Amino acid sequence: MKLITAIIQEDKLDDVREALIQADITRITVSRVAGHGRQDDIDIYRGQQIAPSLIAKIEMKIACNDEFVNIAVDTILKTARHGEGTIGDGKIWITPIEECIRIRTGEKGGSAI
Amino acid sequence: MKLITAIIQEDKLDDVREALIQADITRITVSRVAGHGRQDDIDIYRGQQIAPSLIAKIEMKIACNDEFVNIAVDTILKTARHGEGTIGDGKIWITPIEECIRIRTGEKGGSAI
Amino acid sequence: MKLITAIIQEDKLDDVREALIQADITRITVSRVAGHGRQDDIDIYRGQQIAPSLIAKIEMKIACNDEFVNIAVDTILKTARHGEGTIGDGKIWITPIEECIRIRTGEKGGSAI
Amino acid sequence: MDIDSGITAWMLISTALVLLMVPGLAMFYGGLVRTKNVIGTMMHSYAAIAIVGVIWAVCGYSMAFGENILGGWFGWNWDYFFLKGIDSSIMEDYRIPELVYAMFQGKFAIITPALIAGAFAERVKFRGYCIFIALWSLIVYNPLCHWVWDDGGFLYGKAIDFAGGTVIHISAGIAGLVAAFYLGARHGYPKTAMHPNNLVMTVTGAGLLWVGWFGFNAGSSVSSGLQTAQALSATQVAAASGALSWMLIEFAVHKKATSLGFVSGILAGLVAVTPAAGDVPVYGAMILGFIASVICYFAILLKNKLGYDDSLDVFGIHGIAGIFGALGLTFVLRAGSGADSMLEQLRYQTEGVLASLVYSGVLTLVLLVFVDKIFGLRMSPGEQKAGIDHTQHGEHGYRMNNLV
Amino acid sequence: MDIDSGITAWMLISTALVLLMVPGLAMFYGGLVRTKNVIGTMMHSYAAIAIVGVIWAVCGYSMAFGENILGGWFGWNWDYFFLKGIDSSIMEDYRIPELVYAMFQGKFAIITPALIAGAFAERVKFRGYCIFIALWSLIVYNPLCHWVWDDGGFLYGKAIDFAGGTVIHISAGIAGLVAAFYLGARHGYPKTAMHPNNLVMTVTGAGLLWVGWFGFNAGSSVSSGLQTAQALSATQVAAASGALSWMLIEFAVHKKATSLGFVSGILAGLVAVTPAAGDVPVYGAMILGFIASVICYFAILLKNKLGYDDSLDVFGIHGIAGIFGALGLTFVLRAGSGADSMLEQLRYQTEGVLASLVYSGVLTLVLLVFVDKIFGLRMSPGEQKAGIDHTQHGEHGYRMNNLV
Amino acid sequence: MDIDSGITAWMLISTALVLLMVPGLAMFYGGLVRTKNVIGTMMHSYAAIAIVGVIWAVCGYSMAFGENILGGWFGWNWDYFFLKGIDSSIMEDYRIPELVYAMFQGKFAIITPALIAGAFAERVKFRGYCIFIALWSLIVYNPLCHWVWDDGGFLYGKAIDFAGGTVIHISAGIAGLVAAFYLGARHGYPKTAMHPNNLVMTVTGAGLLWVGWFGFNAGSSVSSGLQTAQALSATQVAAASGALSWMLIEFAVHKKATSLGFVSGILAGLVAVTPAAGDVPVYGAMILGFIASVICYFAILLKNKLGYDDSLDVFGIHGIAGIFGALGLTFVLRAGSGADSMLEQLRYQTEGVLASLVYSGVLTLVLLVFVDKIFGLRMSPGEQKAGIDHTQHGEHGYRMNNLV
Ligand SMILES: Nc1ncnc2c1ncn2[C@@H]1O[C@H](COP(=O)(O)OP(=O)(O)O)[C@@H](O)[C@H]1O
Ligand SMILES: Nc1ncnc2c1ncn2[C@@H]1O[C@H](COP(=O)(O)OP(=O)(O)O)[C@@H](O)[C@H]1O
Ligand SMILES: Nc1ncnc2c1ncn2[C@@H]1O[C@H](COP(=O)(O)OP(=O)(O)O)[C@@H](O)[C@H]1O
């Protein structure tokens, strides 16, 4: 089992979520984060342009069985990109999961995903 | 050392937190997330029922030494459930930690947990 | 590749972020969390002192190649401490990353970090 | 006759109260949209106060209350240009300085286009919006106001429109409906759930609207006496019974009474009583408020079926309750008010309603097409996703909990 | 005598100002509860405006200001039923249309049950609450109002209660206390820390309450002259000195002055000066405000010791400061006001206070038991955990930062 | 002459409207700072209402409107001490109870120090701040007010200052500037981006300020007649044109119009018209408002270049627009107002402006040094990082979305 963590742009949340559901990956957990990378995002304050030091992003976590990893990653890659890819589109990383448990039933392992 | 990540319902936060403290697991980190799974959560808007695409959840992270993993998981399983288990009660996953450091002292390893 | 997760005090965010950038670690993801540990944080409510059960913290995540781990950890240790170290200064833990992908380009592995 | 300091005091404060409706409306609408559009939505209300506020002083008052020109399409009086000629005139019949009257009326001109904005919330460009309301105020509002409230207007003295049912709520309501159709739905509507970002603010805003409405309706008596008191009482009671009615419906249907329903009921009651305020007894106002909520409730259910995107229900509340109030008041008029026969009065009322619906509806469409083609009005889906606040104003509404 | 346009103007605007206290109170209370209950708590204030607003127009005014019936328990006058008979009556002595007076008094009837809600915040069902305040208004408020303010009332002209210390604050305060005891504490109280969700809103709401209180107190002179000015000055000064006093106490005790303490001091000062406003000189009001905060501060500390859950300190502020103001005013009355001897006046004041405490206390308990048993009032622990907003209203107050 | 109930009504409500500016200002400023300082910033406004509110009643009115003492430095009259002697006096010329006048003027005394706070937002200790404004009110405001508005004052009747350009906005503006220099910049300024935490609240607050300003300016006529109407119209139009002007500038420069720019334009217009309100015709007010925004816009750009930290632009808006309004009104005066020649009037105006700048500037510096050395004013960098709310008040503004 793997944990896929994707940092994406705010406005892509709906698209990615729907694409994942289409690909039969229906269980996800999402949260608000802020990132520092190469992107800029300008606000105006009384005539001055100010760039925040951190930019709002969405973090998406998907716990999935090994055979689903590629599908999930591909789906995200396809839908989270702006056009041909824009700075700030984000990142995905994959970490190993040793055990997974469904709280409702107590089931463990792959079937609990 | 392991990292236990639990996604639970909002209204169970207090119960779970207190149960963990009872079980001598006093150090936890908590955050707001939103999840998509099988659960529904209806609001009413001018006569219409609307279901949000994501439902508010709590994510709890516990870094702990291997011998505490079972106690922690059991405690969560017991207290995070609604009745006999209701859809949306959430999930736990466990990932390996390679190193842990207490910022205050610089201690490393199991004693820094 | 490793994922460094640091839980730090709110008021240290700017300092740590800037120190990391100085150390050439420019890509980070940050989020609001709340923690329970040994620290207290008192508010006053109509003559009563109340301590919240959870205290606001910042979680910082850095995905980095193995050779950068020490620099990142040292930088955080140095800048996130209050004075000689105060209760509540937080914790760092390190977990393995199996794969990393840049969404914009689709690059994988160490160069995608 | 001299100035009456008491009447003047009440008209001054009524003007201030109607001004309070602008932040009230901004809060009401602003709370109902999604977070990324909150500033833009509030700015729709605020922009009106600047743009129409200036236009009104320059030429609006003249167009509304000057002598008939162009066959009575609107009015004109060079004395009213920049309000220069009325700097110190006293209105003999009302016993107040004319400037107060001009300012009081100006607030109505401001609030009307601001109302429309709710129908196309979350999807128009700010520049286009500004141009649209400027033109709408000139071409739609000012003539309508002239017809109904200036003694040269062709509807004057026939249709009862105490505080602006036809001129304000119906004209804004139909304009909103036309705009909702012309501009199409928001990106993602109705598939995506679009939750109000801050109902707390919406509820608070409704409270301010209620307070402001006292100035709106009771001020429309242009006096400080019996009819003022009657108008205020009617307003108070209609709002309360409108809210109660909506609450009871929701209890019946959902077993839960929502706060949004409650404040929608307040609005429905207030809108319905607006044309009637000075001319109906308390129990009449209570009936109007009560029924208005029932009708609006079902009108909005119908809208959900029909599927067009009147985002904040401008037509569903202002249009529908406005029409209902304008017609319905006929049946609960105070003895002695209105025409000799109820039927005759109903005909007058219908004329007024139709005039407003047709005139505002058609001209709004023309203006929409014009502004959209020449200056651009509809935001692209990409801009809509990024939000009005960022794309149109370079700002974010809240950062209270953000790290950014 | 004719209508006086100036007095009418002031009474109209006072009515509007007291209405402003409803959103003010909703913000004040709403900010103090936890996020999951913010809408429900605001709705407690708003529901009163709809329910009592309608009841008052139907029969409340009649019960309060009609002729004695049932041995003076309350009043009745068929002319006041639906306010039908006063549609165009003028009050000779006050020189205003009677409708204004009825509406002004109606706002008091509205605000009083809304105050009580703070004592049982975060734990009652909305339906039960609605029924409770309807009955409370009919059975507790209207008779009390009749006794004190109608010239047929048995307390009329004895106890000084300028703007409603006994009728409003004491009766609401004791009702809150009784309810807090009857309903028991919130689930988790006092173990769980319950932080205000939005102090910013609470502070803002307190500002609106202060503004509204000018209408409340100065409007109670039912004139626009010297006593009005005196009442307004007393109100202003008592609020300021109440706030200052609480701030100084907190500086002394905690070395920090909280905003919640500050606004609590405002309220304490305002409540204390309410019965006294038109009858005490400025320095008297200053003293009342100053001492009121001291007493309330320690009353709330005591409550924390005793451990009952008057969630937002309705008794601790409205009850305590109300009682203190009603009794304390005796000692700072303007020369010539009140009875011949201070002692006699103090006896009258004590009678008024006791009448309110006993009548409201007992009847509130009866109503609570009745409503709770028949319709259900207390929310279950499970519902409390899920929050009022979701369980009672199907809504969420804020989604400004949510992903959901 | 008797009391005029109409004038009294308008002055009462003007007093209430100016009070509304306190929560308005608290919201305006509170929304612009960072989350950790929101309560502290709002308390800066609120503290003024308690501290200065009490001081004014005790001795402020006496210092401002008593007979010249100390060679006219300020005034004194034992009758005004605790307002004891005016408890029932009537002002013959204005036909209102003197208490209303005292309260109305008191609101001005309250709002002025509250304005200054914006210049040193996010970096002063609350205790020091409280002492500072108390002293500032006594030593700076009261004398200035005496000079300009009391008939014994040496500037009385020369410089036109209808509603407080010199006394209020210029004196607060320069005090802010001096404080910004003396206290130095906020920790991290200008390197760290400091985003407004709640623009939504700022925009709402600006709306309340506009409403309140009607009382501020039109109330300054101390009547309810022609000049009142003129002042209200000038206020309305200047605010609208100021907002429009700023919006157009931003459209031109950034292709985006911000809400903060819009409300800054409202303020600039309102400030500029304040000294002029009763003495300029509508088109004059329009011109003043329009130009004020242009000047303020560039003044703030200049500030950004110069690099000092007038955090919320108190000098940039109140100071600059105040000076511009005071001088500029000379050129758009209503025929018949002011001195015989424009040049003479301009000299008077310049004198007034300079008197305010110099007196307030110098004394403010003295007070700052005094308070900072003796009681401590500037927060340490560590305290600034932790935030005013936590360190000074032991509170947090919002917890609506927090887990803590
Ligand atoms: N190594 C990393 N560790 C943690 N977060 C990262 C890392 N790299 C990227 N991110 C997250 O992804 C977001 C987008 O990265 P950015 O560098 O702006 O774009 P890109 O990767 O397309 O060049 C960042 O704001 C940050 O939140
Ligand atoms: N595979 C997963 N990956 C990420 N989050 C998950 C996963 N499975 C469940 N979750 C989280 O747990 C929550 C509850 O899951 P849900 O399917 O509604 O209930 P249950 O697991 O009891 O059937 C979801 O809203 C989601 O936040
Ligand atoms: N084992 C752990 N698992 C999860 N979070 C932890 C753990 N230990 C510490 N934390 C986080 O770090 C924060 C600081 O810890 P605390 O015990 O207060 O200070 P210290 O580690 O300096 O003694 C906590 O509030 C919590 O958020």
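What you see is a predicted model; the values in this text were computed from it and never measured. Every chain is numbered from 1 and lettered A, B, ... according to where its sequence line falls, protein lines coming before strand lines.
At least one side-chain heavy atom of Met247(E) sits less than 4.5 Å from a side-chain heavy atom of Cys130(F). Ile49(F) places a side-chain heavy atom less than 4.5 Å from the side chain of Trp210(E). At a threshold of 4.5 Å between non-hydrogen side-chain atoms, the residues Gln236(E) and Lys107(F) count as touching. Counting heavy atoms from C-beta outward, Thr204(E) and Thr204(F) have side chains that stay 4.5 Å or more apart. Between Trp10(E) and Trp10(F) there is no side-chain heavy-atom pair separated by less than 4.5 Å.
In terms of heavy-atom pairs under 4.5 angstrom with chain F, the leader among Val200(E), Val211(E), Leu244(E) is Val200(E). When each of Gly24(F), Ser88(F), Gly394(F), Ala102(F) is checked for heavy-atom pairs under 4.5 Å with chain E, Ser88(F) comes out on top. In terms of non-hydrogen atom pairs under 4.5 Å with chain F, the most contact-rich of Gly289(E), Gly242(E), Ala240(E), Gly215(E) is Ala240(E). Taking chain E as the reference chain and counting heavy-atom pairs below 4.5 Å, the highest number among Asp87(F), Ile86(F), Asp389(F), Val38(F) is found for Asp87(F). Highest contact tally toward chain E, considering only Thr391(F), Asp4(F), Ile96(F), Val52(F), is held by Thr391(F) [criterion: heavy-atom pairs under 4.5 Å]. Top candidate by heavy-atom pairs under 4.5 Å with chain E, chosen from Ile110(F), Thr8(F), Ile7(F), is Thr8(F). Per-residue counts of heavy-atom pairs under 4.5 Å with chain E were compared for Ser89(F), Ala50(F), Gly205(F), Gly40(F); the largest is that of Ala50(F).
Between Val237(E) and Ala57(F), the shortest heavy-atom contact is CG2-CB, 3.9 Å. Minimum heavy-atom separation, Glu395(F) to Leu260(E): OE2-N, 3.2 Å. Closest non-hydrogen pair, Ala9(F) versus Ala9(E), comes out as CB-CB, 4.5 Å. Across all non-hydrogen atoms, the minimal contact from Met286(E) to Val58(F) is CE-CG2, 3.9 Å. Nearest approach of Ser5(F) to Ser224(E), heavy atoms of both residues: O-OG, 2.7 Å.
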Trace of the side-chain contact (heavy atoms from CB on, under 4.5 Å) decision for Leu99(F) with Val282(E)
CA-CA 9 Å; Leu99(F) 275 178; Val282(E) 164; 4.1 Å; yes
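A distance-only check finds a donor-acceptor pair linking the side chain of Lys256(E) to the backbone of His390(F) [under 3.5 Å]. With His393(F) contributing its side chain and Ser259(E) its backbone, the two residues share no donor-acceptor pair below 3.5 Å.
Listed by sequence position, Ile13(E), Leu17(E) are the residues of residues 11-22 of chain E in contact with chain F, using a 4.5 angstrom heavy-atom cutoff. Residues of residues 226-233 of chain E that come within less than 4.5 angstrom of chain F, heavy atom to heavy atom, are Leu226(E), Thr228(E), Ala229(E), Gln230(E), Leu232(E), Ser233(E) in numerical order.
Both the backbone and the side chain of Asn198(E) come within contact range of chain F, judged by heavy atoms closer than 4.5 Å. Neither the backbone nor the side chain of Trp213(E) comes within less than 4.5 Å of any heavy atom of chain F. Only the side chain of Arg334(E) comes within contact range of chain F, judged by heavy atoms closer than 4.5 Å. Contacts between Met201(E) and chain F at a heavy-atom distance below 4.5 Å are absent for every atom of the residue. Proximity to chain F is absent for every atom of Ala218(E), based on heavy atoms less than 4.5 angstrom apart.
Remark: Tyr29(E) pairs with no residue by the ring pair (Phe, Tyr, Trp, His ring centres under 6.0 Å) rule, at least two apart or across chains. In terms of the side chain to side chain contact (heavy atoms under 4.5 Å, CB included) criterion, residue partners of Lys385(F) (sequence neighbours excluded) are, by chain and number, Asp11(C), Asp15(C), His187(F).
Taking NE2 from His396(F) and CG from Asn197(E), the interatomic distance works out to 14.5 Å, rounded to the nearest 0.5 Å. One finds the CE atom of Met42(F) at 11.5 Å from the CZ atom of Phe262(E) (value rounded to the nearest 0.5 Å).
The aromatic rings of Phe251(E) and Phe126(F) sit parallel to each other, their planes meeting at less than 30°, with 60° as the upper class boundary.
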